[in-house]
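Positions are given from 1 along the sequence. Excluded from the calculations below are hydrogen atoms, water molecules and symmetry mates; all remaining heavy atoms, backbone and side chain alike, are included.
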Amino acid sequence: MARIDEVAAAARVSISTVSYALSGKRSISAETRRRVEEAARELGYEPHAGARALAGRRTQIFALTEPLRADTHAPTHMAFVLAASVAARRRDYDILLLTDEEASTGMRRVAASDLVDAILVLDVAPDDARVAIARSIRIPTVFIGIPDDHAGLDCVDLDFEAAAELAVDRLADADHRHVAMIGQSQIAYRASNFPPRVRAAAAARAAARGIRLAFTAAGATATEPAVVRAATARALDEGTTAFVLHAAEDAHEVVLETIAERGLVIGRDVSLVSVASVFDATRLSTPLDTIPLVPAVSCDAAVDLAIARLHDASRAPVLHLIPPEYRSAGSVAPAPA
């Protein structure tokens, strides 16, 4: 890559004049600016990212704040990191990944340095500390998730409430009246914004449809196969005919194994719906109906919101909910008589 002194020599000006011409910080004659820009273009010179930011120009970098805690389900979170990186790159942006366990630390650091054009926030907690930071900085910030206090923020997420309601409705329409829900780990209902939304919406819809819904978390901080197996067996013993699964892939497989051990056939004797799964539920040992959470859809929308905010800082904040999509794989059937 060319150096600034090489651009200065090619344009027959001083190094400071090159800096002023490219930053717009001082008035430069049109002819001089033309020579500098032409030399920079021919030599492939790009100003340092920090200098461009200080000059009020774009760095073409987005920060992605994704805290990696001990209880983080890495496959799910890395799927979002990859999707955000691809979405940004498609729009000519690079990603600076901030993985501090204390997520607000990295966010404050990049906000103070002015080295990024926008910040994307992942793994959003109900009472996320990054909300206050987003409101205090001038850098556009988009939350991929919805904190409890989201007034004035740009947020994008799957409509988890609608997804949970769709799952319950599909089972209710098939005349199931005893349904069990296997959820995330217990810590997820405190640390993440979406598990409690799914649980609450499913419970409310079940009550409205006259369905008995029994809930069990998959474990304390991660999937505990023994807990999932016991909950599945107990539900079957109590006459449950359908399951809503909002859990990791390994929990799904434990439920499927436990049902198979009883000699029951999914899609005939027992019905299952997977809600907001990032993995492909049709590739399980038994394919399942699913209402997927697609990282690419959420991250594409988040990057679009960030760019729109860069172009118009005064635009009204957006709460973008992605409608759920039901994908049938034959795992739901009418309740046994």
Side-chain angles (χ1 to χ4, degrees), residues 73-84 86-87 144 157-176 179-185 188 194-195 197-199 201-202 205 216 218 222-223 225 228-229 231-232 235-236 240-301 321-336:
H73 186 250
T76 297
H77 291 268
M78 287 303 100
F80 274 89
V81 170
L82 176 61
V86 170
I144 304 176
D157 211 355
L158 174 68
D159 190 337
F160 284 99
E161 290 83 359
E165 292 166 358
L166 180 57
V168 172
D169 282 342
R170 187 58 61 102
L171 296 175
D173 292 344
D175 294 325
H176 292 279
V179 177
M181 182 175 183
I182 307 294
Q184 306 266 320
S185 63
F194 63 93
R197 291 162 54 198
V198 172
R199 180 182 178 182
R205 191 61 139 207
T216 303
T223 298
V228 176
R229 185 178 298 277
T232 305
L236 294 172
T240 293
T241 59
F243 290 80
V244 173
L245 304 182
H246 181 223
E249 185 173 1
D250 51 356
H252 282 63
E253 287 292 8
V254 173
V255 173
L256 295 178
E257 290 170 5
T258 306
I259 292 173
E261 289 167 0
R262 296 288 186 101
L264 301 172
V265 177
I266 294 169
R268 186 191 72 188
D269 306 312
V270 183
S271 293
L272 276 77
V273 179
S274 179
V275 177
S277 53
V278 173
F279 60 90
D280 185 354
T282 66
R283 294 182 179 273
L284 294 167
S285 55
T286 300
L288 298 183
D289 287 19
T290 185
I291 304 168
L293 170 60
V294 184
V297 175
S298 298
C299 293
D300 281 352
L321 292 176
I322 299 166
E325 174 191 359
Y326 193 97
R327 298 180 183 177
S328 180
S331 66
V332 172

Point to revise | E253 (side chain) donor-acceptor with S285 (main chain) under 3.5 angstrom | key: yes

Point to revise | Sub-4.5 Å side-chain heavy-atom contact between L293 and S298 | key: yes

Review point. Among all residues two or more places apart in sequence or in another chain, which pass the side chain to side chain donor-acceptor pair (under 3.5 Å) test with D169?
Key: R205, R209

Exercise for review: Decide side chain to side chain contact (heavy atoms under 4.5 Å, CB included) for V270 and L236; before the verdict, give the C-alpha distance in whole Å, the side-chain angles of both, and the deciding distance to 0.1 Å.
Suggested key: CA-CA 9 Å; V270 183; L236 294 172; 4.2 Å; yes

Study note, to complete from the structure: Between A174 and A333 the two heavy atoms that sit nearest each other are CB-O, 3.7 Å

Point to revise | Non-hydrogen atoms of A79 and P295 that approach each other most closely | key: O-CB, 3.8 Å

Exercise for review: With rounding to the nearest 0.5 Å, note down the distance linking SG in C299 to CD1 in I144.
Suggested key: 4.0 Å

Exercise for review: State, yes or no, whether a side-chain contact exists between D280 and T282 at a heavy-atom distance under 4.5 Å.
Suggested key: yes

Practice item. Any chance you could measure L245, atom CG, to I182, atom CD1, to the nearest 0.5 Å? Key: 7.0 Å

Review point. What pairs with T258 under side-chain contact (heavy atoms from CB on, under 4.5 Å), at least two apart in sequence or on another chain?
Key: R229, T232, A233, V254

Check your understanding: Residues two or more places apart in sequence or in another chain: which of them pass side chain to side chain donor-acceptor pair (under 3.5 Å) with S328?
Key -> none

Check your understanding: Can you name the closest pair of heavy atoms from A248 and T223 and give their distance?
Key -> CB-OG1, 3.9 Å

**Study point:** Rounded distance (nearest 0.5 Å) linking atom CG of D289 with atom CD1 of I266
**Key:** 10.5 Å

Review point. Listed by chain and number, what are the ring-ring contact (aromatic ring centres under 6.0 Å, His included) partners of H252, not counting sequence neighbours?
Key: F279

Check your understanding: Got a sec, which residues hit ring-ring contact (aromatic ring centres under 6.0 Å, His included) with F194, two or more places apart in sequence or on another chain?
Key -> F160, H246

Check your understanding: Does L82 have any side-chain contact (heavy atoms from CB on, under 4.5 Å) partners at least two apart in sequence or in another chain, and if so, which?
Key -> V86

Point to revise | Any residue meeting salt bridge (Lys or Arg N to Asp or Glu O under 4.0 Å) with E325, in chain and number order, not counting sequence neighbours | key: R327

**Study point:** Test side-chain contact (heavy atoms from CB on, under 4.5 Å) applied to A235 - qualifying residues, sequence neighbours left out
**Key:** A180, T240, F243

Review point. About how many Å separate CG of L166 and CD1 of I291, when rounded to the nearest 0.5 Å?
Key: 4.0 Å

Practice item. Would you name the heavy atoms of G183 and A218 that are closest together and state the gap between them? Key: O-CB, 3.2 Å

Exercise for review: Please list, chain by chain and in numerical order, all residues satisfying salt bridge (Lys or Arg N to Asp or Glu O under 4.0 Å) with D175, sequence neighbours excluded.
Suggested key: none

Check your understanding: Listed by chain and number, what are the salt bridge (Lys or Arg N to Asp or Glu O under 4.0 Å) partners of R268, not counting sequence neighbours?
Key -> none

Study note, to complete from the structure: CG (L171) and CG (L272) are apart, to the nearest 0.5 Å, by 8.5 Å

Review point. Should V332 and V273 be marked as a side chain to side chain contact (heavy atoms under 4.5 Å, CB included) after you check the CA-CA gap, both sets of side-chain angles, and the distance that decides it?
Key: CA-CA 7 Å; V332 172; V273 179; 3.5 Å; yes

Practice item. Go through the structure and list residues passing side chain to side chain donor-acceptor pair (under 3.5 Å) with E161, not counting sequence neighbours. Key: R197

Check your understanding: Hey, are E249 and S277 close enough side-chain-wise for a donor-acceptor pair under 3.5 Å?
Key -> no

Exercise for review: Please list, chain by chain and in numerical order, all residues satisfying side-chain contact (heavy atoms from CB on, under 4.5 Å) with A296, sequence neighbours excluded.
Suggested key: V294

Review point. About how many Å separate CG of L158 and CG of L321, when rounded to the nearest 0.5 Å?
Key: 8.5 Å

**Study point:** P292 to T290 - nearest heavy-atom pair and separation
**Key:** CD-O, 3.6 Å

